[in-house]
Amino acid sequence: MNNIFCKDTLISKIAEYVAERVDGFSKDLHIDTSFSRLGLDSAAHVQLTAVIEDYLQTDVSPTLAFDYPTINALVNYLVNESQNNINKAS
């Protein structure tokens, strides 16, 4: 992954995905709540990676949402990975 992306847009896309599946979900209240605690099952965790791949236009691990189980953790990981890749390229 070496593309630049908007962190806020990625958060919104993930939050939109979760909100479609979880009643009462609020991006402001649940950004640090685990996907499992919100009620996403394993298939939804894997499907979430498709949302990320669509936005980033790159492949990501299907276990990413398990490894980084909150919106904040997931997006911060992706931001750090992107920055590391940019630094390596320069």
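A quick note: this is a predicted structure, and the numbers were derived from the prediction, not measured. We're numbering straight along the sequence, starting at 1.
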Looking at residues at least two apart in the chain, or sitting in another chain, which of them share a side chain to side chain contact (heavy atoms under 4.5 Å, CB included) with [X]?
{"X": "N84", "answer": "E81"}
{"X": "S61", "answer": "T63"}
{"X": "S36", "answer": "S34, H45"}
{"X": "E16", "answer": "E20"}

Side-chain donor-acceptor contacts of residues 8-15 below 3.5 Å, not counting sequence neighbours, with atom names and distances?
unit_1	atom_1	unit_2	atom_2	d
S12	OG	D8	O	3.1
S12	OG	K27	NZ	3.4

Requested in this report: List the atom of T70, the atom of F35, and the distance in Å for their closest heavy-atom pair.
Outcome: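 Nearest pair, atom of T70 first, then F35: C-CZ, 3.5 Å.
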Rounded to the nearest 0.5 Å, how far apart are [atom1] of [X] and [atom2] of [Y]?
{"X": "I52", "Y": "F5", "atom1": "CD1", "atom2": "CZ", "answer": "9.5 Å"}
{"X": "Y17", "Y": "T49", "atom1": "OH", "atom2": "OG1", "answer": "8.5 Å"}
{"X": "L78", "Y": "K7", "atom1": "CG", "atom2": "NZ", "answer": "10.5 Å"}
{"X": "L38", "Y": "R21", "atom1": "CG", "atom2": "CZ", "answer": "12.5 Å"}

**Report entry** Within 6.0 Å of CG in D23, more than 12 heavy atoms from elsewhere
**Finding:**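 Atom CG in D23 is not crowded, with 12 or fewer foreign heavy atoms closer than 6.0 Å.
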**Report entry** Single-linkage hydrophobic cluster V22~V46, side-chain heavy atoms < 4.5 angstrom
**Finding:**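 No, V22 and V46 fall in different hydrophobic clusters.
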**Report entry** Cluster link F66 to V51, ILVMFWY, side chain under 4.5 Å
**Finding:**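 The answer is no; the residues belong to distinct hydrophobic clusters.
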Query - Worked check of side chain to side chain contact (heavy atoms under 4.5 Å, CB included) between L64 and Y77 - result: CA-CA 9 Å; L64 197 61; Y77 166 76; 3.4 Å; yes
**Report entry** Any donor-acceptor N/O pair, E53 side chain to V60 backbone, under 3.5 Å
**Finding:**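 Yes: the side chain of E53 pairs with the backbone of V60.
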Query - side-chain hydrogen bond (donor to acceptor under 3.5 Å, both in side chains) partners for N80, two or more places apart - result: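 Applying side-chain hydrogen bond (donor to acceptor under 3.5 Å, both in side chains) to N80 gives none.
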Query raised in the report: Taking the side chain as C-beta and beyond, is there a heavy-atom pair between L74 and L48 under 4.5 Å?
Result: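 Counting from C-beta outward, L74 and L48 do come under 4.5 Å.
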Report task. Find out whether Y68 and V75 are in side-chain contact, i.e. whether some heavy atom of one side chain is under 4.5 Å from a heavy atom of the other. Result ->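 They are not in side-chain contact.
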